[in-house]
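Structure record follows, encoded as structure tokens.
Heavy atoms only: backbone and side chains are in, while hydrogens, waters and symmetry mates are out. The structure displayed is predicted, hence computed values, not measured ones.
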Amino acid sequence: MIPKLTRRSAVAMATVGVVAGCSGGRGSASTAVRADDAPDAARQAREARDSTALVARYDAVIAAYPTLAARLAPLRADTAAHVRAFGGRAPAAPSSPASGNGNGNSNSNSNSTGSPATPTSTGSASAVPATADKALAALAAAERALADRRSATLLDAPGALARLLASVAAAGAGHVVLLGRPAGK
């Protein structure tokens with residue numbers, strides 16, 4: 001006797017089929033993007049470098065504006081996770097920033113003019129803007145540009161890399177929204 005096909009079992013079988021089709025038959029997600037594929041490996045390395053540069057920007061802003069550390073730490077952690085997802089080695093989280101320099105300016109890395117110092121340890125981070133609001137806007141612009149570029153390259157990427165790019169681009173777009181909101185809102 002053949003069991004009766006119910007709507008629930010049909011939906012379950014269709015879901016399994018869709019999931020299997022999305023995997024591309026290459027195995028688990030960790031092996032889906034193969035490092036021996038030279039063009040894909042080069043793209044992943046570029047994406048890892050781009051995310052590493054963004055982590056350096058977060059670090060520079062956190063160093064220049066310690067009051068933003070709590071707000072930026074989760075976004076920085078996400079970006080470091082993106083570096084690892086692309087096969088790179090994420091920079092270690094910076095140590096706790098100083099609480100200020102005693103002159104009313106919470107920017108502990110300011111030079112004699114009171115403007116933030118340009119980070120020199122990484123070389124990849126650009127000068128930190130003169131105000132916290134401008135620094136947040138610069139981070140948002142960097143996140144937006146990277147998310148837009150990643151979204152634009154999705155169609156040319158192979159399946160697993162395309163899914164990773166889409167996920168990271170979506171996270172970057174979320175960071176743009178979070179960076180644009182005042183703290184606590």
Side-chain angles (χ1 to χ4, degrees), residues 29-30 33-35 37-98 106-111 115-158 160-181 183:
S30 64
V33 181
R34 297 183 344 209
D37 244 354
D40 294 345
R43 287 175 92 171
Q44 281 187 256
R46 176 184 175 195
E47 298 302 334
R49 280 190 308 273
D50 290 347
S51 290
T52 300
L54 192 55
V55 169
R57 291 184 76 135
Y58 274 102
D59 290 346
V61 171
I62 290 169
Y65 301 103
T67 57
L68 296 176
R71 180 176 180 186
L72 296 179
L75 304 179
R76 185 217 181 269
D78 284 351
T79 307
H82 301 160
V83 173
R84 290 186 297 277
F86 286 117
R89 187 168 177 209
S95 60
S96 298
S106 64
N107 179 4
S108 61
N109 288 341
S110 61
N111 58 25
S115 61
T118 302
T120 56
S121 61
T122 62
S124 63
S126 60
V128 178
T131 68
D133 288 340
K134 288 181 182 178
L136 290 173
L139 278 174
E143 285 272 15
R144 183 179 302 110
L146 190 54
D148 288 348
R149 187 190 54 74
R150 285 175 171 159
S151 295
T153 63
L154 284 173
L155 297 177
D156 299 328
L161 182 56
R163 287 188 293 275
L164 181 56
L165 286 167
S167 177
V168 173
H175 290 179
V176 171
V177 172
L178 293 172
L179 288 166
R181 291 186 180 160

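- Ala166 and Leu154 get closest at one heavy-atom pair: N-CD2, 3.3 Å.
- Of the possible polar contacts, none joining the Ser167 side chain to the Leu164 backbone as a donor-acceptor pair under 3.5 Å is found.
- Closest of all the heavy-atom pairs between Gln44 and Ala85 is NE2-O, 4.3 Å.
- Counting only residues at least two apart or in different chains, salt bridge (Lys or Arg N to Asp or Glu O under 4.0 Å) contacts with residues 128-144 are absent.
- Of the possible donor and acceptor atoms, one in the side chain of Arg150 sits under 3.5 Å from a partner among the backbone N and O of Glu47.
- Contact detail for Pro129 and Ala138: the closest heavy-atom pair is CG-CB, 3.9 Å.
- Residues His175 and Thr79 are in side-chain contact: their nearest non-hydrogen atoms beyond the backbone lie under 4.5 Å apart.
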*Might you work through the side chain to side chain contact (heavy atoms under 4.5 Å, CB included) test for Arg43 and Thr153, ending with a clear yes or no?*
CA-CA 10 Å; Arg43 287 175 92 171; Thr153 63; 3.8 Å; yes

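- Here salt bridge (Lys or Arg N to Asp or Glu O under 4.0 Å) pairs that include residues 167-176, with residues two or more places apart or in two chains, number zero.
- Annotation: side chain of Leu146 is not in contact with side chain of Val168 (no heavy-atom distance under 4.5 Å).
- Ion pair Asp50/Arg149 flagged as a salt bridge, since at least one NZ, NE, NH1 or NH2 atom sits closer than 4.0 Å to an Asp/Glu carboxylate oxygen.
- A donor-acceptor contact shorter than 3.5 Å links the side chain of Tyr65 to the backbone of Thr131.
- Ala80 and Val55 get closest at one heavy-atom pair: N-CG2, 3.7 Å.
- For the pair Val176/Leu139, no side-chain contact is recorded, criterion being any heavy-atom separation below 4.5 Å from C-beta on.
- Panel note: side chain Ser151, backbone Ala147; a donor-acceptor pair is recorded below 3.5 Å.
- In plain terms, the two heavy atoms of Leu54 and Ala142 that are nearest each other are CD1-CB, 3.8 Å.
- When side chains are defined from C-beta on, Tyr58 does not count as touching Leu68, because their heavy atoms never get closer than 4.5 Å.
- Within the structure, salt bridge (Lys or Arg N to Asp or Glu O under 4.0 Å) pairs that include any residue of residues 76-92 comprise Asp59-Arg76 (at least two apart or interchain).
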*Go through Leu179 and Leu72 one step at a time and tell me if the side chain to side chain contact (heavy atoms under 4.5 Å, CB included) criterion holds.*
CA-CA 8 Å; Leu179 288 166; Leu72 296 179; 3.5 Å; yes

